[in-house]
Amino acid sequence: DGSNDPAINTSVRLNPGTGDGIVVLETGDRTLASVLGSEWVFWQTGTPDLIMLKMGAGSLVSAIGGGSAVIILVGLSFGWRLSRRAVTPVAT
């Protein structure tokens, strides 16, 4: 895969088992050729393309980290509220 400014993207994929291949040259989008190449690999082999997994790893880690932080904050908030209720004496 390769990309350049202004948004020229190329992708070449080969299937050594069948001898099939695909070459994608496109302009206007930084990742379209890579996405198309990745989809072709999945269609040919049934396995995900490692190049696209590497490209998406940063955003995936960010999403997981952000989601984990939200879950922790919500859990701490609920725990704090429950502990406040347990400490408050009940009038008889």
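Excluded from the calculations below are hydrogen atoms, water molecules and symmetry mates; all remaining heavy atoms, backbone and side chain alike, are included. Please read all numbers here as calculations on a predicted model, not as lab measurements. Position 1 is the first residue of the sequence; numbering continues from there.
S38 places no side-chain N or O within donor-acceptor distance of the main-chain N or O of S34, the cut-off being under 3.5 Å. Checking side-chain atoms of T45 against main-chain N and O of V41 turns up a donor-acceptor pair under 3.5 Å.
Linking Ile, Leu, Val, Met, Phe, Trp and Tyr whenever their side-chain heavy atoms come within less than 4.5 Å puts L25 and V12 in one cluster. L60 and F42 fall into different hydrophobic clusters, where Ile, Leu, Val, Met, Phe, Trp and Tyr residues are linked whenever their side-chain heavy atoms come under 4.5 Å apart, directly or through other members. Note on F78: it clusters hydrophobically with V70, by side-chain heavy-atom contacts below 4.5 Å among ILVMFWY residues.
For S11 and R13, the side-chain atoms include at least one donor-acceptor pair closer than 3.5 Å.
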* Could you go step by step and tell me if W40 and D20 meet the side chain to side chain contact (heavy atoms under 4.5 Å, CB included) rule? -> CA-CA 10 Å; W40 183 84; D20 293 337; 3.9 Å; yes
* **Criterion side chain to side chain contact (heavy atoms under 4.5 Å, CB included) on I22 and V24, from CA distance to verdict** => CA-CA 7 Å; I22 186 172; V24 181; 3.9 Å; yes
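For L14, there are no side chain to side chain contact (heavy atoms under 4.5 Å, CB included) partners two or more places apart in sequence or in a different chain.
Note that CG of L76 and OG of S83 are 10.5 Å apart. Values are rounded to the nearest 0.5 Å. Summarising the geometry, atom OG1 belonging to T27 is positioned 10.0 Å from atom CG belonging to N9; distances are rounded to the nearest 0.5 Å. Rounding to the nearest 0.5 angstrom, the gap separating the CG atom in L36 from the OG1 atom in T31 is 9.0 Å.
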